[in-house]
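The block underneath contains the structure these notes are about, expressed in structure tokens.
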Amino acid sequence: MAKVALVTGASKGIGRACAIRLAKDGYTVIVNYSSSDAAAQEVVNEIKTAGGEAEAIKADVSDSKAVKDMIRTIGKTYGGIDVLVNNAGVVRDEFLLTMTEDNLDMCMNLNVKGYFYCAQQAALKMFRKKSGVIINMSSVSSKMALAGQAVYSATKGAVNSMTQTMAKELGPYGIRVNAVAPGFVMTEMIDALPEDKKAEYLTNVPLGRFAEASEIADLVAFLASDNAAYITGQTIVLDGGLSL
Ligand code: NAP
């Protein structure tokens, strides 16, 4: 049977690119999403048209029961999970003085608790096989300060810390855990920024452009592969030099 990769938040953006790339590498890909039915189905169709295997599963990964149900279903249908890409995330930029509790909770629940729930449930499956790879989508915001991102950067800092601890706990069972920390990537998340903000951010990127989602997916595919068999517990920055 083909290896199975679960990509959370794969209906759009970076997750979409990771799903398509991992399918090209021969994985059966589970395209997780929470609301965009048509977009998720489009990703599945694109993978299948290219000769790959994929299935869309709708589940809010900030809900622990939904995560358990999704991973149980994947286990029953495909026999386990070989790669988890913890990618579904949200950004709610607000200054400290105006940040609402709702936005604080939304970021924490999805970007931290959601990653934890998925990693915990996937690791239970990987543990049985004594192999597996978990890749957590972090952000360069975990490494540098951007005004308005106290909460977002805290969630991504938590992702980096979880990555190290998970790598230490799971390494003895053949499971590698790494994080990828992109700078600005051309997705809806960036499209939503005001033009003047985008232009300002661009001046700080030495390579002079934002990343394509496929460039993040290339790194994810490398980390998932046996070429990265001795890499674990790392947060790899992919930001065109933004954080230098
Ligand atoms: P995006 O284009 O906004 O896509 C977000 C994806 O997450 C969508 O597929 C969305 O699906 C899904 N999603 C949202 N809430 C969910 C939930 N509760 N449960 C399951 N899926 C959910 O985001 P992106 O820009 O690709 O970002 C992806 C990851 O990369 C995030 O963790 C983000 O923090 C990180 N990142 C992004 C950038 C950037 O510049 N774009 C930079 C650094 C790091 P539905 O529409 O169906 O809900």
Side-chain angles (χ1 to χ4, degrees), residues 1-63 66-91 110-111 114-115 117-119 121-122 125-126 132-139 159 178-182 184-192 210-225 238:
M1 270 174 99
K3 285 189 169 184
V4 176
L6 165 62
V7 184
T8 69
S11 60
K12 297 176 194 161
I14 295 172
R16 180 183 195 281
C18 291
I20 289 168
R21 175 59 210 264
L22 289 170
K24 271 192 194 142
D25 287 353
Y27 291 89
T28 295
V29 178
I30 310 304
V31 175
N32 160 259
Y33 69 104
S34 69
S35 60
S36 307
D37 302 296
Q41 200 47 53
E42 247 178 59
V43 178
V44 169
N45 293 346
E46 185 169 338
I47 289 172
K48 288 189 168 171
T49 303
E53 283 300 327
E55 178 185 342
I57 300 188
K58 184 175 190 163
D60 174 355
V61 294
S62 65
D63 173 344
V67 170
K68 272 189 190 163
D69 290 347
M70 171 172 66
I71 292 189
R72 193 179 303 123
T73 302
I74 297 169
K76 275 190 187 154
T77 313
Y78 300 100
I81 295 177
D82 299 285
V83 173
L84 164 68
V85 184
N86 248 334
N87 166 79
V90 69
V91 64
L110 181 55
N111 299 4
Y115 279 40
Y117 298 145
C118 291
Q121 294 305 313
K125 300 276 176 227
M126 294 170 177
V133 178
I134 297 173
I135 298 159
N136 294 321
M137 199 55 65
S138 179
S139 165
V159 167
N178 289 292
V180 172
F184 299 112
V185 188
M186 286 310 302
T187 69
E188 279 183 21
M189 198 179 260
I190 292 298
D191 276 350
F210 296 144
E212 297 294 332
S214 62
E215 295 177 298
I216 313 304
D218 287 341
L219 177 56
V220 166
F222 168 72
L223 288 172
S225 77
L238 189 66

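Fair warning: this is a prediction, and the values are worked out from it, not measured in the lab.
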Distance col, row N136:CG vs N111:CG, nearest 0.5 angstrom, shows 11.5 Å
Taking every heavy atom of A224 against every heavy atom of Y27, the minimum-distance pair comes out as O-OH, 3.6 Å
Worksheet item: Does T8 use its side chain to pair, donor to acceptor, with the backbone of A88 at less than 3.5 Å?
Response: yes
Q) Side chain of N178, backbone of I135: donor and acceptor closer than 3.5 Å? A) no
Nearest heavy-atom approach of I47 to A19 is CD1-O, 3.8 Å
Tested for side chain to side chain contact (heavy atoms under 4.5 Å, CB included) against V31, the lone hit among V44, I20, L6, V7 is V44
Rounded to the nearest 0.5 angstrom, the CD1-CG distance for I30 and L22 is 11.5 Å
message: Check whether D191 reaches the backbone of M186 with its side chain - one donor and one acceptor, N or O, closer than 3.5 Å.
response: no
Item to complete: Evaluate side chain to side chain contact (heavy atoms under 4.5 Å, CB included) for E46 paired with V43, printing each intermediate quantity in order.
Response: CA-CA 5 Å; E46 185 169 338; V43 178; 5.7 Å; no
query: Between the side chain of N87 and the main-chain N/O of M137, is any donor-acceptor distance below 3.5 Å?
result: no
In terms of heavy-atom contacts, V185 and E212 come closest through CG1-C, 3.9 Å
NZ of K48 to CD of E55, rounded to nearest 0.5 Å, is 7.5 Å
| said: With heavy-atom distances below 4.5 Å as the criterion, would you say the side chains of Y117 and K68 are in contact? | reply: no
Scanning both residues in full, the closest heavy-atom pair of I81 with A122 reads CD1-CB, 4.4 Å
Interatomic distance, CG@D218 vs SG@C18, rounded to 0.5 Å, equals 9.5 Å
Could you tell me whether the side chain of I14 reaches within less than 4.5 Å of the side chain of V180, counting heavy atoms only? no
Are K3 and V83 side-chain neighbours, meaning at least one heavy-atom pair lies under 4.5 Å?
no
d(F184 CZ, S139 OG) to nearest 0.5 Å is 8.0 Å
When rounded to the nearest 0.5 Å, the distance separating OG of S11 from CZ of R16 is 9.5 Å
Here the salt bridge (Lys or Arg N to Asp or Glu O under 4.0 Å) pairs for residues 79-88, sequence neighbours left out, are D82-K129
Margin query: A side-chain contact here means heavy atoms from C-beta on lying under 4.5 Å apart; do L84 and M126 qualify?
Written below: yes
Note, M70 side chain near V61 side chain (heavy atom, < 4.5 Å)
yes
In terms of heavy-atom contacts, A56 and Q41 come closest through CB-OE1, 4.3 Å
With sequence neighbours left out, the residues meeting ring-ring contact (aromatic ring centres under 6.0 Å, His included) with Y78 are none
In terms of heavy-atom contacts, D60 and A66 come closest through O-CB, 3.6 Å
Applying side chain to side chain donor-acceptor pair (under 3.5 Å) to S225 and not counting sequence neighbours gives none
